[in-house]
Chemist: 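I have a structure here, written as structure tokens, and I will follow up with some questions on it.
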Amino acid sequence: MTQTDMQPSDQQDLRMLRESARTLFERAGGSGRSRKLRDAGGGWDADMIREMAEAGIFGVTLPEENGGLGMGLAAGGVIAEEVGRVIAPEPVVVTVGLSLGLLRRLCPDHAMMEQLVEGATVLAVAWQERGPNGGPAEPSCRYADGKLTGGKAWVAGAGGAGGFLVVAEGDAGPVLVLAEAGADGLSVEERRQADGSAMGELSFSGTPAGELASGGAVRAALAEAVNDATALAAAELVGLSERAFEITLDYIKTREQFDKPIGSFQVIQHRAVDLNVMCEVAQSGVREALGLMDRQTDPKARARLASRAKARAVTAAKKITRDAIQLHGAVGYTDEFEIALYLNRALVLSAWLGDDAYHRRLWFEAREEEGAAQ
Amino acid sequence: MTDWNAMSDADFRKEVRGFFEAEYPEDLRNLPHRPKFAEIEHWHRKLHAKGWVAPAWPAEYGGMGLNAAKLLIYYEEQQRWGVNRGRDMGVQMVGPLIIKFGTQEQKDYWLPRILSCEDIWCQGYSEPGAGSDLANLRTRAETDGDDFVINGQKIWTTMAHDATHIFMLVRTDQATPKKQQGISFLLAPMDQPGVEVRTITTLSGETEFCEVFFDDARTPRANLVGELNKGWTMAKALLSFERIFIGAPNLAQNALGQLESFARGRGAFEDPVFRDRFAQAALDVEDHAALYSRFADQLKRGETLGADVSMLKIWVTECFQRITELMIEAAGPDGGTVGPLQVGNVNVDVLASFYKARPTTIYGGSNEIQRNILSKAVLGLPG
Ligand SMILES: Cc1cc2nc3c(=O)[nH]c(=O)nc-3n(C[C@H](O)[C@H](O)[C@H](O)COP(=O)(O)OP(=O)(O)OC[C@H]3O[C@@H](n4cnc5c(N)ncnc54)[C@H](O)[C@@H]3O)c2cc1C
């Protein structure tokens, strides 16, 4: 489904959703609130998570039979864009894409589902592992006799999470288990990110954890949840890019050098136009990809769409935030000015779940496979 | 006194390399941040004792008196070993100006203090309303008896919070037909009631530059360098040297080396696309070095550089940025992580390099301004 063949009533619903999310974030303090949280140590605001839950934010993509609004990824993308606009640190994509994405596919009746939708807790999802050269490696973290042993890396939201959904290797294939924060034998090393958030490196030594699901379904659900989260992270980057562009446009209209606004210099005008076009292309491409993912059931095709979205969004966000700094001159290099926060957040969101080069490669490989299968 | 210029290039290189390798403290190699003086004082003392603080100054003023060829070797070796430049604004910027335009008294007084770092300098040119349009500066200095009284504000003053003195461009005549007239070059002490420094945090969380406020600050009239109201022309005279310095290959070369060891360690070269992009960056650096030596040869022959030297800065700073962007790409999921990333036995601070590369296209005359200069002064385009 492209934007154009979406039902007008759906379009109307998305517009209302966007307005209410924007109002919620603006009323809470916009990007100024995000700065305060960063300065206070880089966590998120639990009250804000509950408010977001009341506004239905965590349930938008969930099917109605799972207690959600059934509006699909297209709606999730609307929320993520608004999160990106104010660079909110709350783990919306982690919850909507990853933890709910896993639970609803593997154990939709689990009590945790309701708690996540209500904003009562956050679960971080741990599936990737770090190899000896520092890069990603094949999974080796084991789950046996109710206990986890091994490690996981790049766990977003690990700092404030109430628990961890861990994908590990069980005796008979992959398992999804739940380990509580602070469980025995669990240590969480928080690696500071450019935006002040932390990425968790977990290590388990006989950490007790409860099994939620096992078998091939776990791998399949993980792949789909990662697809969803990747596409939503792309939407978050789109919102971020749009706001970064607006801030920059305001700045070049008002900053004067040589007795005129710098936005009157043609080279600056052309640069601004290029960034704007980049932004619009990204917004259209990403929104379309998310809409198509809602209609598509083939996981490979969904993966290709998610890669399309993230590749585009990362390329746009990098270009827009870096050029934004340049157009601001030295004030762009300060922490005091808003634009720097957007550059730093873009660095983190770009690296998380794969950057543009990575996703272009996946996109191409998926396309080749589809071609071979036909 | 050794005549370094009489040595063969190879011997001189060996000499410099040997000294850095033997004497430069290991823990100061490739510092990711700008150090305060106290952090590098120990090294500075060694350098000072050897008479190597100011490689470009004439020997009669306590410099090494290196010609352009030897100077390049010195900087190359400094860069190769990751030797910090130290607090070199005195040596790089004020010293040459005093040597060129200062009185004998000024030379006798200030130059030794620059070499010993008894005085540590910062550069007070930019103001809130005077960035690219530097001639728009408003900070004024008025004579009062034997003093100038200074009022106004400077901004983006690198390391002003760790400086004892500031060299500045100030307005000494309010009523000139052109903005460029009526500007003077002044030296002033920072440690006085009329000077207030506020640090500004950069986007990477460092305190590297400052705002400096002047409220009836005073400096003796003897601290005017060159003629009154001729500061603009003097500051411009320094620019062509500054432009080749700022267009030097070092930063990009150094980053390329880091990129290579990091990418290799992380296995990024297994990807042919990455290999291609690395090769492109490496060739960008190599060919820039060729262009650079064309300009360096001009200096060696004693010629002055034209406006075309701006192309060096444009090319190398943008290349430096691309290299650091590739580092982030090679870091994959660690691309947003603060601090050194370990690969094998090397530590590479990918984000620090990325941040360091960003403002190189802003300071020293932004790349847009450099392009304006090239299009008019070199290509002769109208406008
Ligand atoms: C890390 C750092 C360290 C610095 N250290 C010092 C220091 O020690 N001492 C000091 O005096 N200054 C220092 N500066 C200031 C530096 O010299 C200025 O940032 C620079 O002159 C640009 O001015 P600005 O920042 O006000 O940007 P602006 O002049 O406001 O420029 C904003 C944007 O507009 C563009 N622009 C402006 N005019 C034109 C034009 N005519 N045509 C096309 N584009 C245009 C610029 O290229 C830039 O992209 C430092 C700056 C940085 C970032």
Chemist: Does the side chain of Phe337(A) come within less than 4.5 Å of Ile200(B)'s, by heavy atoms?
Modeler: no

Chemist: Which region of Trp154(A), side chain (C-beta onward) or backbone (N, CA, C, O), has a non-hydrogen atom less than 4.5 Å from a non-hydrogen atom of chain B, or is it both or neither?
Modeler: side chain

Chemist: Tell me which of these, Pro359(B), Gly339(B), Ser126(B), Gly335(B), has more heavy-atom pairs under 4.5 Å with chain A than the rest.
Modeler: Pro359(B)

Chemist: Under 4.5 Å between any side-chain heavy atoms of Tyr355(B) and Leu347(A), yes or no?
Modeler: yes

Chemist: Using only non-hydrogen atoms and a strict under-4.5 angstrom cutoff, which residues of residues 308-322 of chain A touch chain B?
Modeler: Arg322(A)

Chemist: Just wondering, more than 12 heavy atoms not from Arg367(A) lying within 6.0 Å of its CZ?
Modeler: no

Chemist: With rounding to the nearest 0.5 Å, note down the distance linking CG in Asn133(A) to CZ in Arg266(B).
Modeler: 6.5 Å

Chemist: Between Leu351(B) and Ala194(A), what is the shortest heavy-atom contact and its length?
Modeler: CD1-CB, 3.8 Å

Chemist: Check whether any side-chain heavy atom of Phe258(A) lies under 4.5 Å from a side-chain heavy atom of Ser132(B), and answer yes or no.
Modeler: yes

Chemist: Let's test your reading of the structure: which of Asp334(B), Ile328(B), Val343(B), Asn136(B) forms the most heavy-atom pairs below 4.5 Å with chain A?
Modeler: Asp334(B)

Chemist: Pick one of side chain, backbone, both or neither for Phe209(B), based on which atoms fall under 4.5 Å of a heavy atom in chain A.
Modeler: side chain

Chemist: For chain B, find which of Asn344(A), Leu343(A), Ile325(A) contributes the most heavy-atom pairs closer than 4.5 angstrom.
Modeler: Asn344(A)

Chemist: Is any side-chain heavy atom of Lys179(B) closer than 4.5 Å to one of Asp259(A)?
Modeler: yes

Chemist: So which residue, Arg130(A), His328(A), Arg345(A), Gln128(A), ends up with the most heavy-atom pairs under 4.5 Å with chain B?
Modeler: Arg130(A)

Chemist: Locate the shortest heavy-atom distance separating Ala351(A) from Gly332(B); write the atom from each residue and the value.
Modeler: CB-O, 3.5 Å

Chemist: Please name the pair of heavy atoms, one in Ala357(A) and one in Glu329(B), separated by the smallest distance, quoted to 0.1 Å.
Modeler: CB-OE2, 3.4 Å

Chemist: If we define contacts as heavy-atom pairs under 4.5 Å, which of Gly131(B), Ala135(B), Pro333(B) has the most with chain A?
Modeler: Pro333(B)

Chemist: Could you check if a side-chain atom of Asn372(B) sits within less than 4.5 angstrom of a side-chain atom of Phe265(A), using non-hydrogen atoms only?
Modeler: no

Chemist: For Tyr251(A), I'd like to know if atom OH has over 12 heavy atoms of other residues, nucleotides or ligands within 6.0 Å.
Modeler: yes

Chemist: At a 4.5 Å cut-off on heavy atoms, which part of Ala331(B) comes close to chain A: side chain, backbone, both, or neither?
Modeler: neither

Chemist: With sequence neighbours excluded, tell me which residues meet side chain to side chain donor-acceptor pair (under 3.5 Å) with Thr202(B).
Modeler: Ser204(B)

Chemist: Checking an interface table here. Which of residues 268-275 of chain B come within a heavy-atom distance under 4.5 Å of chain A?
Modeler: Asp271(B)

Chemist: Evaluate whether atom CH2 of Trp232(B) has more than 12 neighbouring non-hydrogen atoms of other residues, nucleotides or ligands under 6.0 angstrom away.
Modeler: yes

Chemist: Heavy-atom pairs under 4.5 Å with chain B: which of Ser350(A), Ala330(A), Gly131(A), Pro132(A) has the most?
Modeler: Ala330(A)

Chemist: Please determine, among Val331(A), Ile262(A), Asp195(A), Leu353(A), the option with the most heavy-atom pairs under 4.5 Å with chain B.
Modeler: Val331(A)

Chemist: Do Thr337(B) and Gln193(A) pass the side-chain hydrogen bond (donor to acceptor under 3.5 Å, both in side chains) test, and can you show the C-alpha distance, the side-chain angles, and the key distance before you say yes or no?
Modeler: CA-CA 4 Å; Thr337(B) 302; Gln193(A) 302 296 297; 3.0 Å; yes

Chemist: Can you confirm whether Leu203(B) sits close enough to Ile339(A) that some side-chain heavy atom of one is under 4.5 Å from a side-chain heavy atom of the other?
Modeler: no

Chemist: Could you state the interatomic distance from CD (Glu325(B)) to CG (Asp355(A)), rounded to the nearest 0.5 Å?
Modeler: 11.5 Å

Chemist: Which members of residues 266-274 of chain A, sorted by number, sit under 4.5 angstrom from chain B on a heavy-atom basis?
Modeler: Arg271(A)

Chemist: Might you work through the side-chain hydrogen bond (donor to acceptor under 3.5 Å, both in side chains) test for Gln326(A) and Thr361(B), ending with a clear yes or no?
Modeler: CA-CA 7 Å; Gln326(A) 180 69 19; Thr361(B) 51; 2.5 Å; yes

Chemist: So for Leu341(B), is it side chain, backbone, both, or neither that comes closer than 4.5 Å to the heavy atoms of chain A?
Modeler: neither

